[in-house]
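The residues of the chain are indexed from 1 along the displayed sequence. Keep in mind it's a predicted model, so treat the numbers as computed, not measured.
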Amino acid sequence: MRRSDPAAQRGTSISRLAPAPSGPPGRRPAGGVARAERRLLALLRECGGDVRVANVVRVLGQTGEHGAVWVAAGAAGALADPERRRAWLRATAVVGAAHAASMGAKRVVRRPRPRIPGAAPLVRTAGRHSFPSSHATSSAAAVIAFGALLPGAAAVPVLAAAICVSRLVAGVHYPSDVACGALLGAAAARLGRSWTLGGGSGG
């Protein structure tokens with residue numbers, strides 16, 4: 001008679017994600033890519049076991065919600081740089097449009113958020129859909145849109161990268177959610193780049 005696995009009786013380690021929920025094809029990770037995603041996500045989520053890391057993740061999650069930190073940055077730029085106020089406002093509008101696009105994509109794709117046994121998410125989320133990450137979308141859009149006005153500045157890309165990684169450590173997004181969100185944000189900002197820079201005069 002086959003013996004039961006003692007490890008299974010003690011519970012599942014957080015290094016293993018629950019199986020992806022069933023649903024229509026294309027709405028969840030599949031195959032070997034899915035296994036690699038779940039493994040990477042579980043490893044990153046374990047980093048959140050450190051209280052200091054968890055606190056930073058929570059702050060980044062709150063500041064990045066609905067692109068709030070980037071709206072604030074755009075407003076600050078418009079106030080501090082009156083000669084390019086219109087460009088700053090347009091750049092902020094581009095970031096907002098990218099965020100809105102990501103929210104629309106969530107409603108179409110409807111991928112459920114990850115579930116990690118034994119490790120609850122570190123942050124609350126505004127919705128239950130995971131793909132793409134709106135935090136990553138608005139952050140990548142900000143890197144492109146604000147980068148056109150602040151060439152060579154490191155603060156925006158560093159903060160954007162931290163926000164993107166924080167969504168994985170928080171356990172609320174798959175890596176592909178973040179990667180595709182960032183691609184969406186960058187593409188949207190590049191499309192709006194000429195419009196942003198065309199509004200360089202104050203107003």
Side-chain angles (χ1 to χ4, degrees), residues 26-27 37 56-111 113 123-170 172-203:
R27 293 187 180 180
E37 271 208 307
V56 171
V57 164
R58 291 187 181 103
V59 170
L60 291 172
Q62 291 171 356
T63 57
E65 195 70 58
H66 301 301
V69 66
W70 306 122
V71 172
L79 290 173
D81 188 4
E83 293 185 358
R84 298 188 297 173
R85 178 171 297 134
R86 189 173 299 168
W88 277 103
L89 294 176
R90 289 187 176 190
T92 306
V94 166
V95 173
H99 180 83
S102 74
M103 296 300 290
K106 283 179 186 289
R107 286 167 172 75
V108 173
V109 179
R110 302 175 70 84
R111 175 195 275 181
R113 292 190 184 273
V123 297
R124 298 182 65 180
T125 58
R128 66 180 185 275
H129 299 136
S130 180
F131 183 94
S133 165
S134 295
H135 279 66
T137 300
S138 58
S139 295
V143 170
I144 303 298
F146 296 151
L149 300 172
L150 296 170
V156 173
V158 168
L159 178 58
I163 288 175
C164 289
V165 173
S166 77
R167 305 308 282 171
L168 300 174
V169 178
V172 295
H173 281 291
Y174 291 103
S176 58
D177 298 335
V178 172
C180 291
L183 289 174
L184 174 61
R190 288 191 181 280
L191 286 174
R193 184 183 176 91
S194 60
W195 178 69
T196 297
L197 296 178
S201 61

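R167 places no side-chain N or O within 3.5 Å of a backbone atom of S134 that could act as its donor or acceptor partner. Looking at S139, its side chain never comes within 3.5 Å of a backbone N or O of A136 through a donor-acceptor pair. Of the possible polar contacts, one joining the H173 side chain to the S130 backbone as a donor-acceptor pair under 3.5 Å is found.
Residue pairs meeting the salt bridge (charged side-chain N to carboxylate O under 4.0 Å, His left out) criterion with at least one member in residues 63-80, sequence neighbours excluded, do not occur. Sequence neighbours left out, the pairs with a member in residues 133-159 that pass ring pair (Phe, Tyr, Trp, His ring centres under 6.0 Å) are W88-F146. The salt bridge (charged side-chain N to carboxylate O under 4.0 Å, His left out) pairs that include a residue from residues 93-108 number zero, where partners must be two or more places apart or lie in different chains.
Closest heavy-atom contact between Y174 and E37: CB-OE2, 3.6 Å. Here the shortest heavy-atom pairing between A101 and L184 reads C-CD2, 4.2 Å. Between T137 and S102, the closest heavy-atom pair is OG1-CB, 3.5 Å. Summarising the geometry of C164 relative to V178, their closest heavy-atom pair is CB-CG1, 3.8 Å, with the distance given to 0.1 Å. Heavy atoms only, all atoms of each residue included: V94 and A188 are closest at CG1-O, 4.1 Å. Residues T125 and R113 share a closest heavy-atom pair of OG1-NE, 3.4 Å.
S138 pairs by the side-chain hydrogen bond (donor to acceptor under 3.5 Å, both in side chains) definition with nothing, not counting sequence neighbours. Taking the side-chain hydrogen bond (donor to acceptor under 3.5 Å, both in side chains) definition, one finds that T63 meets it with nothing, sequence neighbours left out. A162 pairs by the side-chain contact (heavy atoms from CB on, under 4.5 Å) definition with L60, not counting sequence neighbours. For the ring-ring contact (aromatic ring centres under 6.0 Å, His included) test, residues two or more places apart in sequence or in another chain that qualify with H99 are H66. In this view, S133 satisfies the side-chain hydrogen bond (donor to acceptor under 3.5 Å, both in side chains) rule with no residue, not counting sequence neighbours. Taking R190 as the reference, I144 meet the side-chain contact (heavy atoms from CB on, under 4.5 Å) condition, with sequence neighbours excluded. For V143, the side-chain contact (heavy atoms from CB on, under 4.5 Å) partners two or more places apart in sequence, or in a different chain, are V156, P157, A160. With sequence neighbours excluded, no residue forms a side-chain hydrogen bond (donor to acceptor under 3.5 Å, both in side chains) with T92.
Using a 4.0 Å cut-off between a side-chain N of Lys or Arg and a carboxylate O of Asp or Glu, D177 and R111 qualify as a salt bridge.
Side-chain contact between L168 and P175 is present, with heavy atoms from C-beta onward closer than 4.5 Å. No side-chain heavy atom of V57 sits under 4.5 Å from any side-chain heavy atom of V165.
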Verdict with reasoning, I163 to V69, per side chain to side chain contact (heavy atoms under 4.5 Å, CB included): CA-CA 10 Å; I163 288 175; V69 66; 4.0 Å; yes

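The SG atom of C180 sits 3.5 Å away from the CZ atom of F131 when rounded to the nearest 0.5 Å.
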